[in-house]
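First comes the structure, then the notes that go with it.
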Amino acid sequence: MTIATENSTATPAIAKQPARINWVKAAPWLFTLGMFLFWEMLVRGLGTPVTILPAPSRIFQAVVQYWSPLLKNSAQTLFTTTLGFGLAVVGGLAIGLFIGWSKTIYAGLYPIMIGFNAIPKVAVVPILVIWFGIGTIPAVITAFLISFFPIVVNVATGLATIEPETEDVLRALGAKKLDIMLKVGIPRSMPYFFGSLKIAITLAFVGSVLSETVASNYGLGNMMASAQSQFNVPLVFAGLLALAVEGIAMYSLMAFIERRMTGWAHRSTMAN
Amino acid sequence: MLEIASEGIATGTTSQPKEHPMAHLVSIDDVDMRYGGADGTLAVSGLTMRVGKGDFAAVVGPSGCGKSTLMKLVTGLHIPQVGTVIVAGQHVTQPISIVGMAFQNPTMLPWRTTLENILLPLEIVEKHRHRLRANKKEYIEKAEHLLELVGLKGFGAKFPWQLSGGMQQRANLCRALIHEPELLMLDEPFGALDAFTREELWCVIRDLHAAQGVTIVLVTHDLREAAFLADKIFVMSARPGRILKEHRVPFERPRDLEIMYESRFNDLVHQLHGEIAQARVTA
């Protein structure tokens, strides 16, 4: 941390130079803009019918036209996704710590977890509908089911890879398993945990939208499904656009949290 | 504070005679240690050695001779199948917290500052963990005193990854000493350092030993390191390891690095080298 502050004192000298375009910072925006332009030209050039591939301009038109249902359904999807994701964080952390605790539990539960993760979540949604009806609850649960696995695996890995020397030093001092977990295992697995959040949040969107599409009257998934049945293809794409925006926003939030919470892991040379 | 606490041991060292049979801190008798069940590898066999209180002992030998096993036997991380290990008058049957350990890999925790890393053992050792919160200030003073001793004054607030390898190893020594262990076990602590840093740290260890009166067992491949630092050098055989020979290092203390260029020093190193070379061949 101190290194960062020391470096910042040196920056004014660089800042004095005439303002230049920071291409690295501008790149995400430029590339996105470029993609839309290319798409627009492609659609216009080929004269693709709007029911197959609408041009971006047509999609933005749909965004403006349907802003109210888009906003409402986006909020619903964001709500179910974050709720399911939140449950996955709590559950994944708990199960990850439990699995990483001992080699026996790790060996016993791992195959079950793999098998469970291999089940397509589309196949689970009908069961959830039988249990909970349609709507918010199955969407939250699907988001949870699909996103908790990477969290579990990462936390368990962090716990399972404690350096044997560290463990020896502490055990020789009379440390119990709990001491080692609290002092070393859990802090050590935090970079893995926060890293997994980025994967988990995008998966959570997959789960919630999936469930909304087949078993809900709300949410972007449902909105896109009904727009599709009315051949309102620009609205379908507007829904996809809204999902992409939400996904990017949540991902950056997770990346931000990761940097804030485990700065040491990114800065460190981890000199072994 | 530290001096007062370790005074008892320190006075023991100043009057250090050639041998004081009653004051063995570590006694290992006829120990066999086998890993992985009845047909597993025999790491040490018929191991017998004694280290007196306040002594600086070095253990050298060919690679794979069970030096690390010796470390684990003495600290109670492994319990031998045959023979006895007695440390400070107690039969070792479980980890004993009167030992401090330092390995080649400093294993500093990167999310803690250097000072917090050094205080870690106090959060574990039964004697200190309940006193830590109430007496935090006293313990921090102690840690800072240790940092000063090893030449890291003012570095406590830095994170370990902001320190060089040699500095990390110095901090590692502080961590091994913070709970005032009677015995310090060092497993190749300077193996990963460059020659000059290593010599600097030899002097740090030499001064720590003189100042704190702690008993040190150093496991090393470096014969010059062993000859420079130790009072006694144990030469181990190839696996299964046992003590082939015990040398008393005759050089007076305090020793200067210059001693390494004297012929009697080189003779000792040469002799050790010959013995280990032979142990490798007979393996």
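So you know, we letter chains A, B, ... as the sequences are listed, proteins then strands, and number each from 1.
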- Look at atom NZ of A:K177 and say whether more than 12 heavy atoms of other residues, nucleotides or ligands are closer to it than 6.0 Å. yes
- Exceeds 12 heavy-atom contacts within 6.0 angstrom, atom OH of B:Y35: yes
- Message: With heavy-atom distances below 4.5 Å as the criterion, would you say the side chains of B:W111 and A:M190 are in contact?
- Response: no
- Message: Using heavy-atom distances under 4.5 Å, tell me whether B:L77 contacts chain A through its side chain, its backbone, both, or neither.
- Response: both
- Query: For the residue pair B:M101 and A:A172, what are the closest heavy atoms and their distance?
  - Reply: SD-CB, 3.4 Å
- Take B:K72 and A:R171, measure what side chain to side chain contact (heavy atoms under 4.5 Å, CB included) needs, and give me the verdict at the end. CA-CA 11 Å; B:K72 292 186 177 168; A:R171 274 182 46 219; over 6 Å; no
- Query: Can you say whether B:V125 sits under 4.5 Å from chain A via the side chain, the backbone, both, or neither, judging by heavy atoms?
  - Reply: both
- Query: Non-hydrogen atoms of chain A under 4.5 Å away: do they reach the side chain of B:L163, the backbone, both or neither?
  - Reply: neither
- Item | Note, A:E165 side chain near B:D187 side chain (heavy atom, < 4.5 Å) | no
- Message: Any non-hydrogen side-chain atom of B:N105 less than 4.5 Å from a side-chain atom of A:T166?
- Response: no
- Please say whether more than 12 non-hydrogen atoms of neighbouring residues, nucleotides or ligands are located less than 6.0 Å from CZ in A:F98. no
- Message: Quick check on the interface: out of B:R175, B:R129, B:M185, who has the most heavy-atom pairs with chain A under 4.5 Å?
- Response: B:R129
- Message: Just verifying a value: how many Å separate A:L173 CG and B:I96 CD1, rounded to the nearest 0.5 Å?
- Response: 10.5 Å
- Message: If you count every heavy atom of other residues, nucleotides or ligands that lies below 6.0 Å from A:M261 atom CE, does the total exceed 12?
- Response: no
- Would one find more than 12 heavy atoms of other residues, nucleotides or ligands at under 6.0 Å from atom CD of B:Q81? yes
- Message: What's the separation between atom CD1 in A:I162 and atom CG in B:L109, rounded to the nearest 0.5 Å?
- Response: 10.0 Å
- Working for side chain to side chain contact (heavy atoms under 4.5 Å, CB included), residues B:L120 and A:V169: CA-CA 10 Å; B:L120 178 67; A:V169 167; over 6 Å; no
